[in-house]
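Lettering of chains follows the sequences in order, A, B, ..., and the numbering in each one begins at 1. Owing to the predicted nature of the structure, the values given are computational and were not obtained by experimental measurement.
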Amino acid sequence: MKTVLRNVAPYGEQAVDVVLDGDRIAALVPVGTGVGDLVHQFSGEVLLPGLVDLHTHLREPGREDAETILTGTRAAALGGYTAVHAMANTDPVADTAGVVEQVLRLGHAAGYVDVRPVGAVTVGLKGERLAELGAMADSAAQVRVFSDDGKCVSDPLLMRRALEYVKAFDGVVAQHAQEPRLTEGAQMNEGVVSARLGLAGWPAVAEEAIIARDVLLAEHVGSRLHLCHLSTEGSVDIIRWAKSRGINVTAEVTPHHLLLTDELAATYDPVYKVNPPLRTAADVEAVRAGLADGTIDIVATDHAPHPTEDKDCEWAAAAMGMLGLETALSVVIETMIDSGRLTWRQVAERMSTNPARIGRVTDHGNPLAAGEYANLCVVDPGAAWLVDPAALASRSRNTPYAARTMRGRVVATFLRGTATVLNGALAL
Amino acid sequence: MQHLLSTADLTRDDALLILDTAAELAQISDRPMKKLPTLRGRTVVNLFYEDSTRTRISFEAAAKRLSADVINFSAKGSSVSKGESLKDTALTLQAMGADAVVIRHAASGAPHRLAHSGWIESTVINAGDGTHEHPTQALLDAYTLRKHLRDGDGDLAGARITIVGDVLHSRVARSNVLLLNTLGAHVTLCAPPTLLPVGVEEWPCAVSYALDQAIADADAVMMLRVQLERMNASFFPSAHEYSRRYGLDAQRMSTLPTHTIVMHPGPMNRGMEIAADVADSKRSVIVEQVSNGVSVRMAVMYLLLGGAESGIGGN
Amino acid sequence: MSDTADLRAVLEPADVARALSRIAHEIDERTKGADDIVLLGIPTRGVALAQRVAQRLAEIQAHAIPVGSLDITMYRDDLRLKKARALLPTEIPAGGIDDKTVILVDDVLFSGRTVRAALDALGDIGRPRMVQLAVLVDRGHRELPIRADYVGKNLPTSLRESVRVQLIEHDGEDGVYVGTAGA
Ligand SMILES: [Zn+2]
């Protein structure tokens, strides 16, 4: 069966008709000339390869009250994603072949995006001994990304071993960089605002110290290292330095660290409580610059659903994390496209091509060209929308953008040729 | 201003209104009839998630002297880690028709949450939240300073106040720095660097690590409680070293100008931050701070609850 | 009421002085022999009036008359109808009021609610032997069973009118004016 996406603009450039044949792109032809059994009419919106998230908390198994693989992948599809990496900090922890295969299966069953399970680095995320990384890599889930995210692999020896061990199957360790002793009881970025609010500080150095250590370890053992959610100016500087030395390191930034600052903590509303915490305006500028110049390779959501009762409380008692899948692209448009710091082609690299490459996801993040898998998203970059937490597909409501008007709406998403989103709504 | 959450919210006029009102109300405690009918029929709830008998009693006395109905709701031991309790308690208090909630909580910002989350319509008075603020303590300190400094003319402009001790964890220090600055005083914080917050350089005050210099020309020295547990977290090496470098003993006190007063928000660690003979000396106004607390809290409750709308702010 | 041009003067400065002297003499007569008089002015203008009456009475009786002020804000029955107000000074003379003849002094007697509040306030401070009331102007329209013992001037007014008392201590000159409310 042939499907035509009529009048879409690959990377926001020259509009074309995209003809799909089954699960692949058959041809890109002049507007109005594509012929197929089914025609989706667009009006010159931006066509991107389907987005790939390297950092998603889907919460299943264990916290289905916060999110399920079904609700989380629906949110992903609505955000323009065709593949997400499901973080390992579930209950049970994804530290065995059994759990990662279960997550894979549930992702297949839901059918909205490809769910790529992330395997835990250490058993139970306890930071004591390595999980069976090879078994997870060899499983049906073919795990390539390993992370104790939520916790830092703080033991330097364990980190070294993990970096070395995953080389055997081309894996990568994704580090949540947080020196635990420096962040005991930490509630928000340590600085002027935390001093004023009387909230225990999470100093930038606690992130930077781990990043500095880990890039040196990666260099020493010649391994691939990925750093989750860079949030500080110092972290960007260290990564820039590491890359200049040829160290095989990649880094991500979240949408919220691109947009929001620690001043929001002054509301004491835990919807702004996240780990790593929101930082200063100088840090925000540094991560934007890092993303623009390629020091930071990708945008990853760190989509972290929490049920209402875990946020409707005192700041110190609240869970850390915020939703991200359905708003990520809008944040990137606001912070990077509107300011002219990134072109759509560069956005495609940072939200699709690069994360797919880091995660070794071969079916995604490929060029918009004939013969490639039809994993696609269509974005109306000008469309304004009001973020209504109740209207989100996620099971949770903890978006920091409630009542904010954002620009850029995902109009359609295709997973291997099948529409998962059409007219801005779920199509499955 | 419906709530009293932070001294940062008080203008100079607001603060002076509270302090002047407190001065009038202080007379009540000298009368045989220590009660005013002002808040008759109003319900004040003391919601204390932390043990603080002295603060609770002070608020209770203040509310009762204004004829309010007082409900003491000791929530200590309730699960704070699972924070629904604050919301659920708030909903209960709302249903009970509480006109004001006086809240003491270990979590910074809990009063702010209570006031601004839509759980409750009551006036919220912060009776100390975590390591954030304790505005009525700062007000009673300012009240005490007004009585003692500059022959009691009530003007704190240019007064030199040195606050010594665990500033990092002190809600009293935060509230005092903000309020005293609003009132025109010069505040110096003195502590070991480990007990000063990162970002303190943005506060409207001077910072010193050397106690003898910091108190040399002070009009008042306020000693903060230092908890011994801090020693285990390596904020300082030993109680002995702390008290030698940052404690106020008789020898140090003797170097103070003759008019200088010594304050402490209590409860004191005698022998740690303050020597017993200093606490009991003529310079010490520590006991008076306690009695001034009732007048100041009466003033706050009267101004927030006495009228159709708050008498603080909005002028 | 800020524009005095709309106001009609009913007491000139000399009338105010005469009225206060008369009140002082009446107090002297009616409390004959009493050496236990305490004058308490109700802020704001009642305080200045009490001080002036006390001064005249002191001249008549040739000894100092204790004078003070009694703020009634916390006892007002309309407290909840308005924004919370700043308190005014209460100063009870050193000898207190127990077993004394207390004379409350105010500028205008109107509904009587202020006096009711003053009586409540007084009761919380002590137990006078007797309480009397002196006012510069009685404009009528009582809402409570209260009357003045000493009146400078009875001034029949309509409810639509307003009465304004000016005193040197507060306003730079003495005088009582009547105007139409809302003018
Ligand atoms: Zn993380």
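Applying the 6.0 Å contact sphere to CZ of B/Arg225 captures more than 12 heavy atoms from other residues, nucleotides or ligands. In this structure, A/Glu285 places its CD atom where more than 12 heavy-atom neighbours from other residues, nucleotides or ligands lie under 6.0 Å away.
When every heavy atom of B/Arg174 is checked against every heavy atom of A/Ala195, the shortest pair comes out as NE-O, 2.7 Å. Nearest approach of B/His105 to A/Glu314, heavy atoms of both residues: NE2-OE2, 2.7 Å.
Only the backbone of A/Ala266 comes within contact range of chain B, with at least one heavy atom under 4.5 Å from a heavy atom of that chain. With a threshold of 4.5 angstrom between heavy atoms, B/His112 approaches chain A through side-chain atoms but not through N, CA, C or O.
Checked against the 6.0 Å centroid threshold, A/Tyr268 and B/His116 do not count as a close aromatic pair.
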Please table the atom pairs, donor to acceptor, closer than 3.5 Å between any side-chain atom in residues 198-210 of chain B and protein atoms at least two apart or in another chain.
residue	atom	partner	partner atom	Å
B/Glu201	OE1	B/Gly199	N	3.3
B/Ser208	OG	B/Ala210	N	3.0
B/Ser208	OG	B/Ala210	O	3.2

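Not one N or O on the side chain of B/Arg113 forms a donor-acceptor pair closer than 3.5 Å with the backbone of A/Trp315.
Most heavy-atom pairs under 4.5 Å with chain B, from the set A/Leu199, A/Asp269, A/Leu197, A/Thr267: that is A/Leu197.
Within the model, atoms CD of A/Gln187 and OG of B/Ser108 stand 8.5 Å from one another, a figure rounded to the nearest 0.5 Å.
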